[in-house]
Colleague: 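Following this message is one structure expressed as structure tokens.
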Amino acid sequence: MNHRRIVLVIENEDAIEEVAQLCLETVAGWEVLTTNSVNEAIVKATAQQADAILLDLNEMISDFDWNSILEELLNFPTTCVIPIILLTSTEQYKQLPQLSELGLGITAAIIKPFDLSTLASQVAVALDWEC
């Protein structure tokens, strides 16, 4: 029996959150949890045993900047092992050859606006999952 993948999307913009959720659920069949709160992210990631986190890089989320959110996720034993993919409109992160070598728990970056038809495959490739 295959484990159904659970992806937590931490995104400040409701429209992007909804589109990402729709794409990942429809195309890949993954379960998608969403939040814009770091405290809720910790609870959801832990309680639901998330397999990956998509983290909005650019926006303030519930009074936390992305560095604070990343730090909080990395400080909890149950969330520090979850791979993180940045959702960013900042092109500089696309140029980083090995995000995982930064030691921040970041596996990859997906540049916004992302292509709706390829979001699930981008996540799958970054995490070496089947889509």
Colleague: Is it the case that atom CD in Gln49 sees more than 12 heavy atoms from other parts of the structure closer than 6.0 Å?
Modeller: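 At most 12 heavy atoms, drawn from other residues, nucleotides or ligands, come within 6.0 Å of this atom.
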Colleague: If you count the non-hydrogen atoms of other residues, nucleotides and ligands that lie under 6.0 Å from CG in Asn75, is the total more than 12?
Modeller: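 More than 12 within 6.0 Å, yes.
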Colleague: Of all the heavy-atom pairs spanning Ala108 and Ala126, show the shortest one and how long it is.
Modeller: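 Reported closest heavy-atom pair: CB-CB, 3.6 Å.
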Colleague: Do side-chain atoms of Ser37 reach the backbone of Glu40 as a donor and acceptor pair under 3.5 angstrom?
Modeller: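 Checked: pair present.
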Colleague: Among Ile84, Leu73, Leu33, whose side-chain contact (heavy atoms from CB on, under 4.5 Å) with Ile10 holds?
Modeller: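 So the option named by the test is Leu73.
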Colleague: Which atoms form the tightest heavy-atom contact between Thr79 and Ala45, and what is the distance?
Modeller: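 That closest heavy-atom pairing would be CG2-CB, 3.7 Å.
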Colleague: Find the distance between CD1 (Ile82) and CD1 (Ile53) and round it off to the nearest 0.5 Å.
Modeller: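 Between atom CD1 of Ile82 and atom CD1 of Ile53 there are 4.5 Å.
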Colleague: Apply side chain to side chain donor-acceptor pair (under 3.5 Å) to Glu17 and Gln21, showing your working.
Modeller: CA-CA 6 Å; Glu17 177 184 289; Gln21 181 175 12; over 6 Å; no
Colleague: Check for me, please, whether Leu74 and Phe76 land in the same ILVMFWY cluster - side-chain distances under 4.5 Å, paths through other members count.
Modeller: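 Same hydrophobic cluster.
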Colleague: Starting from Leu24, can I reach Val19 by hopping between I/L/V/M/F/W/Y residues whose side chains sit under 4.5 Å apart?
Modeller: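 Linked, Val19 and Leu24 end up in one cluster.
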Colleague: Specify the closest pair of heavy atoms between Arg4 and Asp51, including all atoms of both residues, with the distance to one decimal.
Modeller: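 Shortest heavy-atom contact: O-OD2, 3.8 Å.
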Colleague: Can you give me the closest heavy-atom contact between Leu119 and Ala20, atom names plus distance?
Modeller: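 Heavy atoms only, the tightest pair is CD2-CA, 3.8 Å.
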Colleague: CD1/Ile16 to SG/Cys23 distance, rounded to the nearest 0.5 angstrom?
Modeller: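 Interatomic distance, Ile16 CD1 to Cys23 SG, rounded to 0.5 Å: 11.5 Å.
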Colleague: Measure across Glu72 and Ile42 and return the closest heavy-atom pair with its distance rounded to 0.1 Å.
Modeller: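 Result for this residue pair: O-CD1, 3.9 Å.
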Colleague: If we check side-chain contact (heavy atoms from CB on, under 4.5 Å) with Val7, which of these qualifies: Leu54, Leu127, Thr34?
Modeller: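 Exactly one pass, corresponding to Leu54.
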Colleague: Do Arg5's NZ or CZ and the ring of Trp129 fall within the cation-pi criteria of under 6.0 Å and 45°?
Modeller: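 Yes.
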Colleague: Rounded to the nearest 0.5 Å, how far apart are NZ of Lys112 and OG1 of Thr88?
Modeller: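 The distance works out to 7.0 Å.
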Colleague: State, to 0.1 Å, how close Asp56 and Asn12 come at their nearest heavy-atom pair, and which atoms those are.
Modeller: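 That closest heavy-atom pairing would be OD2-N, 3.6 Å.
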Colleague: Backbone N or O of Glu13 within a donor-acceptor pair of the Glu11 side chain at under 3.5 Å?
Modeller: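 A pair under 3.5 Å: yes.
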Colleague: To the nearest 0.5 Å, how far apart are CG in Leu87 and CG in Leu55?
Modeller: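 If I round to the nearest 0.5 Å, the distance is 7.5 Å.
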Colleague: Closer than 3.5 angstrom, by distance alone: can the side chain of Thr46 be matched with the main-chain N or O of Val43 as a donor-acceptor pair?
Modeller: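 Pair absent, no side-chain N/O of Thr46 close to backbone of Val43.
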Colleague: Rounded at 0.5 Å granularity, tell me how far OG1 in Thr26 sits from CG in Leu116.
Modeller: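 Reported value, rounded in 0.5 Å steps: 10.5 Å.
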